[in-house]
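Single-structure report; data block below.
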Amino acid sequence: MRSSHKILLLSLLVLGLAAGKKNADPEILNVSYDPTREFYKEYNAEFMNYWKATGGGKIVIKQSHGGAGKQARAVMDGLPADVVTLALAYDIDVIAERTGLLPADWSTRLPNNSAPYTSTIVFLVRKGNPENIRDWDDLVRPGLEVITPNPKTSGGARWNYLAAWAFALKRELGTLKDLDKLDPAVMKAAEKKAMAFVSGIFEHVPVLDAGARGSTNTFVQRGIGDVLLAWENEAFLSINELGPENFEIVVPSISILAEPSVSLVDKNAEAHGVKAIAEAYLQYLYSPAGQRLAAKHYYRPAYPQFADAKDISRFPRVELFRIDEVFGGWQKAQKTHFNDGGTFDRIYLK
Amino acid sequence: MNAIKKHRVLPGFGLSLGTSLFYLGLIVLLPLSALIFRSSALGWQGLWEILGSERVLRSYRLTLGTSFAAAGVNAVFGFIIAWFLVRVKFPGKKIVDSLIDLPFALPTAVSGIALTAIYSRNGWLGAPLEALGIKVAFTPVGITFAMILVGLPFVVRTVQPALEELETELEEAALSLGAGRWKTFCRVIFPMVLPSLMTGFAMAFARALGEYGSVVFIAGNMPMKTEIASLLIITKLEQYDYAGATAIAIGMLAISFLLLLLINGLQSWSSRRLKGI
Amino acid sequence: MEQERYRRALRAPRPVNILIGFLALGFIGLFLVLPLIVVFSEAFRQGLQVWWKSISDPDALSAIRLTLLVALIVVPLNTIFGLTAGWALGKFRFKGRSFLITLIDLPFSISPVISGLIFILLFGTYGWFGPWLTAHHIQIIFSVPGIVLATLFVTFPFVARELIPLMSEQGTEEEQAALTLGAGGWQTFRRITLPNVKWGLLYGIILCNARAMGEFGAVSVVSGHIRGETNTLPLHAEILYNEYNFTAAFAVASLLTLLALVTLIVKTIVEMKNDPRRRS
């Protein structure tokens with residue numbers, strides 16, 4: 001008995017220690033997706049300094065990263081995020097819709113659809129581009145291997161998928177403008193072709209990782225595949241981290257304007273009494289300092305005038321379309337393509 | 001009857017059983033009942049619909065198939081290793097013997113990353129194997145390899161004591177009666193170790209069914225091809241499809257439970273058999 | 001004389017022994033030793049200094065702290081349970097006993113993903129206790145209690161599974177003798193039963209501890225991955241791996257592997273000190 005008493009006491013003590021080490025400074029938790037790790041690491045430090053310097057006192061910013069879908073689910077299940085900075089608006093929409101933690105019109109509260117920075121999808125290839133990959137239609141060449149994460153679980157992969165789809169539509173129709181005014185029969189035929197095209201790409205995919213980072217590791221670290229469909233910032237970052245002598249970026253003729261969105265999670269922030277800090281945290285993303293950091297970490301800033309010209313000049317010119325123009329917004333795109341029974345499932349169920 | 005009475009002379013049965021049941025209920029049964037309750041909202045038909053869908057069926061088939069293959073490989077090599085450890089004298093035996101438990105202690109994520117590093121295309125063994133046209137990483141073979149790693153100690157550790165307890169008199173008798181070595185092995189030794197071997201096989205099988213951490217790294221995770229059931233649960237969860245996730249989980253739970261019942265049956269059979277002879 | 005000849009004949013002939021040895025050691029080398037070598041060679045690829053830096057990084061330290069904390073809570077609880085279950089199920093025979101053993105085994109073969117999921121179904125916002133917890137501002141999942149619970153679940157069978165067969169094998173004669181001599185029930189347990197099973201108990205504790213520190217899947221589902229707060233060592237290794245920080249990831253992995261090796265060494269010593277069966 002004595003020894004088990006001791007054990008019990010010890011565990012209680014340890015529990016007490018764990019509970020007692022709570023920080024007195026106000027804390028906010030930012031729940032984000034995978035590729036923003038480096039950016040928020042630096043931004044958080046910057047914001048803490050700013051907040052202190054402007055008389056707000058010392059604060060602590062906690063950070064959580066993971067696949068966008070996983071992170072949104074965690075917030076729905078009770079991860080006490082004060083702000084979410086996710087890969088696509090749809091994930092935040094789902095949180096709003098299912099939990100009511102934030103209002104449905106959250107995206108109108110900050111400038112630029114609540115996207116302080118944007119990005120796009122590019123190709124990462126091995127140095128010298130040995131397979132001579134130039135555009136989306138090169139991806140279906142025989143023998144080529146394409147690496148992309150799973151669109152079911154990765155936000156970035158959904159952008160990849162839609163960009164490829166839109167490329168095929170444009171090839172069929174000649175334009176992506178005013179698609180809703182087209183003859184439904186013509187549109188239907190084009191969509192059929194697009195589906196065949198995208199499904200052709202996925203026949204070349206040997207591994208589907210759950211998240212963008214997993215795919216990058218597969219391509220870069222495991223040496224698998226000839227081309228990686230990646231976030232632009234992710235592609236720059238891997239070149240930076242893993243050596244410009246090994247990889248290079250190829251920009252396709254057309255790509256999608258990816259808008260990673262941010263929002264306050266109102267009810268959580270209110271419950272933690274940090275609403276003012278959390279709001280300031282998000283607004284500061286649009287400040288010159290925030291924009292400069294975003295560009296430094298290879299995100300296209302909403303206000304390029306605030307960023308270093310040197311950083312801006314790194315971004316290649318590419319024809320970008322918005323998801324609303326071609327797919328009628330995220331809700332619709334998600335339903336048509338990525339929900340169970342959507343086009344992505346049909347590719348694999350064949 | 002008499003035996004039961006004799007056992008009951010010891011005190012503390014009520015207290016210890018009560019405490020055990022309470023703790024079991026709190027830590028295991030309550031959470032599991034949440035799973036069952038959740039999926040009961042689906043109804044039988046809903047459950048069947050999810051479990052019967054092509055993708056789920058294939059992931060079950062893959063999980064069961066690779067687990068079975070891994071358990072089979074482990075049964076063969078586990079037996080050889082156990083035999084080696086019990087019957088052959090060699091230097092450094094203690095070290096080899098304790099290495100067997102490594103998969104028990106090694107975090108599965110670590111073994112997953114290590115296996116992927118070894119068997120992927122630019123890995124230590126992956127490169128030469130690829131040259132021979134054999135792909136391991138990102139195929140069902142890779143999944144099987146990860147499962148072999150986690151299941152190996154189960155076979156060795158159940159067969160080893162059985163081999164140790166095997167009485168040599170029987171073998172001596174068989175040999176003295178003129179049976180050849182191979183015949184002695186097949187007719188005398190193997191049948192006696194068989195129950196333990198089967199228990200070890202079933203345990204390795206059960207363990208492989210539940211393996212996740214090491215498999216996801218090496219699997220490739222292609223829908224319909226290399227997507228194990230655990231991964232499908234995660235995929236469903238990340239699409240906010242709780243009903244689908246719980247339904248697949250219930251299916252796995254049922255399989256695990258049946259398998260464990262079988263193992264416990266096997267174990268009592270084998271202990272009876274060993275004592276009976 | 002005659003017997004001696006057969007006994008010698010019992011030992012399989014040399015070529016067969018060599019073949020068996022070759023197969024056994026080859027298999028062990030391929031599946032157990034090679035991964036070990038990979039982990040350490042990757043971890044120390046950039047030298048000891050980089051290794052040390054990755055281990056002593058504040059986030060790594062907080063992961064180590066959390067991992068130790070979880071093990072400190074989980075192992076004693078499961079040990080106490082293992083002892084009570086060992087006593088109830090090992091020393092007594094009753095209806096439903098084997099069913100109960102199966103239930104205890106269950107967490108063993110359940111996918112860790114399911115083990116995490118069930119706690120979300122219980123304590124998540126939409127779980128059974130979700131609304132109540134939210135109303136009282138209590139955080140279970142995505143914080144330390146959730147990680148502890150998931151680990152408790154996963155490591156639940158380890159000690160019990162070691163003790164039940166052992167206690168049942170040892171029977172009740174010694175205890176009964178002690179009781180007849182006038183010892184109390186508690187005294188009997190402490191003086192007779194506990195010393196008899198102490199090595200098995202220790203083995204169970206060692207394995208339970210190793211799994212508690214190394215659990216990945218279940219903890220990953222309930223952790224929330226908050227840096228410096230809810231990341232255990234295995235999760236931290238994954239994060240580093242995802243940050244292209246491969247050397248650091250393997251450094252953390254090597255720490256876990258070292259832990260596993262120490263565990264094995266302790267276990268081997270434990271076995272050498274006792275268990276005459278294994279002493280050969």
Side-chain angles (χ1 to χ4, degrees), chain B residues 4 7 9-13 16-17 19-20 23-24 27-28 31-32 34-35 38 77 80-81 83-84 88 94 96 98-99 101-102 104-111 114-115 117-118 148-149 152 164 168 171-172 175-176 206-207 209-210 212-213 230 233-234 245 249 252 256-257 260-261 264, chain C residues 6-7 9-10 12 17 20-21 23-24 27-28 31-32 34-35 38-39 81 84-85 87-88 91-93 98 101-107 109-114 117-119 121-122 128 152-153 156 172 175-176 185 207 210 214 216-217 234 237-238 253 256-257 260 263-264 267-268 277:
Chain B
I4 291 178
H7 277 299
V9 172
L10 285 185
F13 176 67
S16 62
L17 186 69
T19 320
S20 303
Y23 191 63
L24 178 77
I27 302 293
V28 177
L32 284 180
L35 185 70
R38 250 315 159 94
F77 281 91
I80 293 174
I81 291 170
W83 182 273
F84 181 62
V88 182
K94 203 78 228 173
V96 176
S98 50
L99 258 181
D101 283 329
L102 185 69
F104 280 151
L106 198 66
T108 52
V110 173
S111 45
L115 278 178
I118 296 170
I148 288 174
L149 195 148
L152 179 66
E164 273 164 0
T168 43
E171 280 174 76
E172 281 163 27
L175 285 172
S176 65
R207 179 68 182 80
L209 279 182
Y212 172 72
S230 300
I233 295 174
I234 288 270
M252 291 300 288
S256 300
F257 187 72
L260 286 173
L261 269 181
N264 283 328
Chain C
Y6 290 124
R7 192 154 288 167
L10 253 183
N17 274 352
I20 287 174
L23 284 175
F27 197 75
I28 290 171
F31 281 98
L32 301 180
L34 199 58
V38 167
V39 169
F81 164 74
T84 60
W87 185 261
K91 299 286 183 191
F92 301 92
R93 296 278 175 284
S98 125
I101 294 181
T102 307
L103 281 181
I104 291 175
D105 276 345
L106 207 51
S109 77
I110 286 185
S111 159
V113 171
I114 301 179
L117 171 66
I118 51 180
F119 287 100
L121 294 180
L122 271 187
W128 282 359
L152 263 181
F153 181 90
F156 183 80
T172 57
E175 280 85 357
Q176 278 173 16
L207 288 181
F216 172 73
E238 192 213 7
L256 284 164
T257 313
T263 301
L264 290 186
K267 206 210 96 207
T268 311
R277 216 177 58 201

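Nothing here was measured: the structure is a model prediction, and the numbers come from that model.
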For the candidates [options], which exhibits the highest count of non-hydrogen atom pairs separated by less than 4.5 Å from chain C?
options	answer
B/Thr108, B/Val110, B/Ile27	B/Ile27
B/Pro31, B/Ser111, B/Gly12	B/Pro31
B/Leu209, B/Ile118, B/Val88, B/Ile233	B/Ile118

Please state whether the side chain, the backbone, both or neither of [X] comes within less than 4.5 Å of a heavy atom of chain B.
X	answer
C/Pro107	side chain
C/Leu23	both
C/Ala237	neither
C/Trp128	side chain

From [X] atom [atom1] to [Y] atom [atom2], the distance as rounded to the nearest 0.5 Å:
X	Y	atom1	atom2	answer
B/Leu261	C/Thr102	CG	OG1	4.5 Å
B/Leu99	C/Leu264	CG	CG	7.0 Å
C/Leu121	B/Leu35	CG	CG	6.0 Å
B/Leu10	C/Thr172	CG	OG1	5.0 Å

Identify the heavy atoms of [X] and [Y] that sit nearest to each other, and give their distance.
X	Y	value
C/Leu32	B/Leu102	O-CD2, 3.7 Å
C/Ala24	B/Phe84	CB-CD2, 3.6 Å
B/Ser230	C/Ser111	OG-OG, 2.8 Å
C/Leu122	B/Ala34	CD2-CB, 3.8 Å
B/Ile234	C/Val113	CG1-CG1, 3.7 Å
C/Phe31	B/Leu149	O-CD1, 3.1 Å

ask   = Does the side-chain contact (heavy atoms from CB on, under 4.5 Å) test come out yes or no for B/Ile81 and C/Phe27, once each step is laid out?
value = CA-CA 8 Å; B/Ile81 291 170; C/Phe27 197 75; 3.9 Å; yes
Based on non-hydrogen pairs under 4.5 Å, which of [options] is most in contact with chain B?
options	answer
C/Phe156, C/Phe216, C/Phe119	C/Phe156
C/Pro234, C/Ser98, C/Gly185, C/Pro112	C/Pro112
C/Ile104, C/Leu207, C/Leu117	C/Leu117

Are side-chain heavy atoms of [X] and [Y] found at a separation under 4.5 Å?
X	Y	result
B/Leu17	C/Trp87	no
C/Ile20	B/Trp83	yes
B/Leu106	C/Val39	no

Contacting moiety of [X], where chain C heavy atoms sit under 4.5 Å:
X	value
B/Val28	both
B/Ala117	side chain
B/Leu24	both

message = Please tell me whether C/Thr84 and B/Thr19 have a donor and an acceptor in their side chains that are separated by less than 3.5 angstrom.
response = no
request  = Specify whether C/Phe81 and B/Tyr23 have parallel, tilted or perpendicular ring planes, treating 30° as the upper limit for parallel and 60° as the lower limit for perpendicular.
outcome  =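 C/Phe81 and B/Tyr23: tilted rings.
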